[in-house]
Amino acid sequence: MEPATMAWTAAVVGFGLVYWFVWVMGAAEVKGKRAVDLKMGSITRDKVQDKYTQYWSFFRRPKETATVAASAEKVPAFVDTFYNLVTDIYEWGWGQSFHFSPSLPGRSHRDATRIHEERVPDLLGAKPGHRLLDVGCGVGGPMRAIAAHSGSNVVGITINEYQVNRARAHNRKAGLDSRCEVVCGNFLSMPFPDASFDGAYSIEATCHAPKLQDVYGEVFRVLKPGGLYVSYEWVTTSLYRAEDPDHVECIHGIERGDALPGLRRQDEIASIAKEVGFEVVKEQDLALPPALPWWTRLKMGRIAYWRNSLVVRVLTLLRIAPKGVCEVHEMLYETAQHLTRGGETGIFTPMHMVLLRKPAAAAAAAEEAK
Ligand SMILES: C=C(CC[C@@H](C)[C@H]1CC[C@H]2C3=CC[C@H]4[C@H](C)[C@@H](O)CC[C@]4(C)[C@H]3CC[C@]12C)C(C)C
Ligand SMILES: C[S@@+](CC[C@H](N)C(=O)[O-])C[C@H]1O[C@@H](n2cnc3c(N)ncnc32)[C@H](O)[C@@H]1O
């Protein structure tokens with residue numbers, strides 16, 4: 001073959017390969033976010049790597065972060081940075097719902113996710129016309145499923161402005177923007193009046209709070225007396241042994257890669273809820289058998305991870321994705337290993353469900369206190 005023909009053939013094949021990896025193979029888990037659209041939230045391209053370094057130095061030793069009061073105050077800002085760094089990668093590689101769900105035999109991940117979400121309005125007894133609060137709403141996957149399933153109106157709150165814009169765009173696209181609203185704010189001090197919601201829920205979000213009392217206290221305040229609150233909590237289980245170095249490494253790995261100021265124990269949740277005034281109606285680890293593993297979706301994706309890191313590398317090399325994306329992707333890959341290990345050993349669950357009620361008598365007590 002002539003050298004010129006060889007060069008042309010190599011160029012065409014090379015271009016074809018890049019095209020295949022980036023546009024075809026790199027297409028989203030749920031179509032809508034393509035690899036070529038990977039931004040890093042509202043961080044400008046040149047700041048991504050610095051922000052990642054800052055994030056990493058803050059969350060490297062989570063327990064210490066949570067115990068020093070001054071550091072605990074900084075947690076929401078670092079959580080915001082974390083979601084700037086990961087939101088697009090999550091949407092691209094996981095979809096619009098940023099949580100786990102038990103696997104369901106013969107059903108797709110998308111079905112399993114939706115069913116896990118629909119359990120929430122069912123537990124709340126949500127009806128058309130009710131006003132529900134979504135505490136830590138992400139880009140609104142659960143909010144849309146819950147509004148569609150129950151006919152209720154949902155107001156979501158997230159600390160991350162980039163997510164607010166993504167969620168609003170998705171709500172419009174789904175034709176649910178008249179019933180789903182998104183607010184940018186801190187769930188530790190919410191911009192809502194007392195007793196303004198019929199029900200509330202949080203899905204894998206309150207684990208970002210340095211003190212669970214603070215977020216539960218806020219939910220208690222904004223709920224109407226008699227109103228219900230459901231939360232899916234990330235916790236360590238009774239199988240966790242603080243003296244086992246493998247357990248400690250696994251839990252630290254989860255905390256580091258998921259912006260957590262320190263995981264709580266399963267047996268702490270109900271007492272914290274009671275401390276702020278809630279009645280505990282029900283408590284159940286939704287990961288326990290007969291539920292099927294929630295971590296298989298993470299585990300089965302080894303080939304997908306390999307493909308994704310290649311896509312991310314090629315995109316960074318071509319300067320389509322900002323510098324720093326590879327590091328963020330690597331961090332997520334690592335935390336996925338720790339999450340899988342936490343699930344397999346049973347020392348961790350991301351779906352400890354609590355159903356809580358604000359007592360109807362809370363109204364009378366509040367009146368008396370005035
Ligand atoms: C509730 C939280 C987030 C839970 C999950 C939605 C995410 C936890 C780990 C994430 C991921 C890990 C590996 C990524 C992979 C390397 C990449 O190629 C594609 C995206 C991942 C699968 C990514 C997707 C979201 C998670 C599963 C926390 C933060 C409280
Ligand atoms: C893992 S995501 C879960 C999102 C959503 N519940 C879902 O399942 O798709 C956690 C969410 O909590 C939000 N969050 C964390 N800390 C917050 C805070 N202090 N105030 C408001 N939102 C917060 C994040 O911005 C993010 O939207």
Side-chain angles (χ1 to χ4, degrees), residues 26 28-29 33 35 38 41 59 73 75-101 109 113 116-117 120 134-146 156-164 166-167 170 182-191 201-211 214-215 218 231-234 253-261 263 294-295 297-312 325-326 328-340 342 350-351:
E29 152 89 6
K33 174 61 67 184
L38 289 181
F59 274 104
E73 267 174 35
V75 167
F78 278 94
V79 169
D80 179 31
T81 299
F82 172 79
Y83 281 104
N84 275 326
L85 295 170
V86 304
T87 294
D88 276 351
I89 303 185
Y90 276 19
E91 271 203 60
W92 168 58
W94 200 255
Q96 294 171 15
S97 293
F98 297 173
H99 62 81
F100 296 104
S101 42
H109 294 312
T113 303
H116 194 55
E117 292 168 348
V120 167
D134 183 332
V135 182
C137 64
V139 298
M143 161 193 285
R144 287 179 286 284
I146 287 166
I157 182 165
T158 166
I159 194 89
N160 182 259
E161 198 164 1
Y162 183 71
Q163 290 188 338
V164 172
R166 294 291 302 160
H170 290 313
V182 192
V183 172
C184 192
N186 187 347
F187 59 38
L188 304 172
S189 140
M190 291 196 272
Y201 63 90
S202 47
I203 302 185
E204 303 188 20
T206 52
C207 47
H208 290 296
K211 273 184 78 197
D214 294 345
V215 56
E218 271 298 87
S231 191
Y232 292 170
E233 295 289 342
W234 276 35
I254 293 174
E255 291 167 342
R256 278 195 301 268
D258 295 282
L260 306 180
L263 274 169
W294 51 266
W295 59 91
R297 182 176 176 193
L298 271 180
K299 212 181 159 183
M300 284 166 72
R302 290 275 157 92
I303 294 175
Y305 294 154
W306 173 81
R307 178 203 73 193
N308 287 358
S309 27
L310 204 64
V311 168
V312 166
V325 177
C326 289
V328 176
H329 189 263
E330 197 50 39
M331 171 187 83
L332 293 181
Y333 178 73
E334 246 177 57
T335 206
Q337 312 305 306
H338 289 116
L339 284 161
T340 306
M351 49 190 77

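Order of appearance sets the numbers: ligands from 1, and atoms from 1 within every ligand. All figures in this text were calculated on a predicted structure; none of them were measured in a lab.
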Legend entry - side-chain contact (heavy atoms from CB on, under 4.5 Å) partner of E117, the single match among H99, R144, M143: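 Testing E117 for a side-chain contact (heavy atoms from CB on, under 4.5 Å) against H99, R144, M143 leaves exactly one candidate, H99.
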Give a yes or no answer on whether the side chain of [X] reaches the backbone of [Y] with a donor-acceptor pair at less than 3.5 Å.
X	Y	result
N160	D80	yes
D258	L260	no
Q337	Y333	yes
T335	G253	yes

Legend entry - For V79, atoms of ligand 2 separated by under 4.0 Å from a heavy atom: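 Going through ligand 2 atom by atom, the ones under 4.0 Å from V79 are 15 (C), 16 (N).
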Inset, instruction - Can you sort out which atoms of ligand 2 are near E204, meaning under 4.0 Å from one of its heavy atoms? - result: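 Ligand 2 atoms under the 4.0 Å threshold to E204: 1 (C), 3 (C), 10 (C).
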Considering only the protein, which heavy-atom contact is closest to [atom], and what is its distance?
atom	result
atom 22 (N) of ligand 2	I159 N, 3.1 Å
atom 5 (C) of ligand 2	G136 O, 3.3 Å
atom 1 (C) of ligand 1	W234 CZ2, 3.2 Å
atom 9 (O) of ligand 2	F98 N, 2.7 Å
atom 20 (N) of ligand 2	F187 N, 2.8 Å
atom 19 (N) of ligand 2	N186 OD1, 2.9 Å
atom 24 (C) of ligand 1	W94 CB, 3.7 Å
atom 27 (O) of ligand 2	Q163 OE1, 2.7 Å
atom 8 (O) of ligand 2	H99 CD2, 3.1 Å
atom 25 (O) of ligand 2	T158 OG1, 2.8 Å
atom 17 (C) of ligand 1	H329 NE2, 3.2 Å

Inset, instruction - Go through E334 and H329 one step at a time and tell me if the side-chain hydrogen bond (donor to acceptor under 3.5 Å, both in side chains) criterion holds. - result: CA-CA 9 Å; E334 246 177 57; H329 189 263; over 6 Å; no
Legend entry - Side-chain donor-acceptor contact under 3.5 Å, T113 with S97: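 No, because no side-chain N or O of T113 sits under 3.5 Å from a partner of the opposite role on S97.
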Inset, instruction - Examine the side chains of E233 and T206 and answer whether a donor and an acceptor come within less than 3.5 Å of each other. - result: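 Yes, because at least one side-chain N or O of E233 sits under 3.5 Å from a partner of the opposite role on T206.
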Inset, instruction - Establish whether atom 21 (C) of ligand 1 and some protein heavy atom are separated by less than 4.0 angstrom. - result: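 Not a single protein heavy atom is under 4.0 Å away.
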Just heavy atoms, cut-off under 4.0 Å: does [X] contact ligand 1 by side chain, backbone, both, or neither?
X	result
L339	side chain
Y232	neither
A205	neither
H99	backbone
D258	both

Legend entry - Heavy-atom pair with the smallest gap, counting every atom of A336 and Y305: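 Where A336 meets Y305 most closely, the heavy atoms are CB-OH, 4.0 Å.
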Legend entry - Nearest heavy atoms of P261 and C207, plus distance in Å: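 Heavy atoms only, the tightest pair is CD-O, 3.4 Å.
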Which of the ligand 1 atoms, numbered from 1, are nearer than 4.0 Å to a heavy atom of [X]:
X	result
E204	1 (C), 30 (C)
N308	17 (C), 18 (O), 19 (C)
C207	30 (C)

Option set [options], criterion heavy-atom distance to [atom], minimum:
atom	options	answer
atom 25 (C) of ligand 1	F100, Y90, Y305, Y333	Y90
atom 29 (C) of ligand 1	W306, W295, Y83	Y83
atom 11 (C) of ligand 1	I254, L260, L332, T87	L332
atom 7 (C) of ligand 2	P142, P210, G138	P142
atom 1 (C) of ligand 2	Y83, Y90, Y232	Y83

Inset, instruction - May I ask you to check whether A205 has an N/O atom sitting below 3.5 Å from an N/O atom of ligand 2? - result: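 In this structure, A205 places no N or O atom under 3.5 Å from an N or O of ligand 2.
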Inset, instruction - List the steps, then state whether side-chain hydrogen bond (donor to acceptor under 3.5 Å, both in side chains) holds for Y162 with D88. - result: CA-CA 10 Å; Y162 183 71; D88 276 351; 2.8 Å; yes
Inset, instruction - Would you please indicate yes or no on a ring centroid separation below 6.0 angstrom for W94 and F100? - result: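 Ring-ring flag for F100/W94: true, centres closer than 6.0 Å.
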Inset, instruction - Would you confirm whether the ring centroid of H208 sits within less than 6.0 angstrom of the ring centroid of Y83? - result: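 Yes.
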Inset, instruction - Decide side chain to side chain contact (heavy atoms under 4.5 Å, CB included) for V139 and T87; before the verdict, give the C-alpha distance in whole Å, the side-chain angles of both, and the deciding distance to 0.1 Å. - result: CA-CA 8 Å; V139 298; T87 294; 3.8 Å; yes
Inset, instruction - Specify side chain, backbone, both or neither for C137, according to which of its non-hydrogen atoms lie closer than 4.0 Å to ligand 2. - result: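 Under 4.0 Å from ligand 2, C137 contributes backbone atoms alone.
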Inset, instruction - Give me the ring orientation class for F98 and Y90: parallel if the planes are under 30° apart, tilted from 30 to 60°, perpendicular past 60°. - result: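 The arrangement is perpendicular - the two ring planes meet at more than 60°.
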Inset, instruction - Give a yes/no verdict on whether any heavy atom in S97 is under 4.0 Å from an atom of ligand 2. - result: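 Under 4.0 Å: yes for S97.
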Inset, instruction - Mark the output for G185 as yes if a heavy-atom distance to ligand 2 is under 4.0 Å, and as no if none is. - result: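 The answer is yes, since G185 has a heavy atom less than 4.0 Å from ligand 2.
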Legend entry - ligand 1 contacted by R297 (non-hydrogen, < 4.0 Å):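 The answer is no: ligand 1 sits nowhere under 4.0 Å from a heavy atom of R297.
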Find out whether [X] and [Y] are in side-chain contact, i.e. whether some heavy atom of one side chain is under 4.5 Å from a heavy atom of the other.
X	Y	answer
L188	P76	yes
T158	C184	no
F187	I159	no

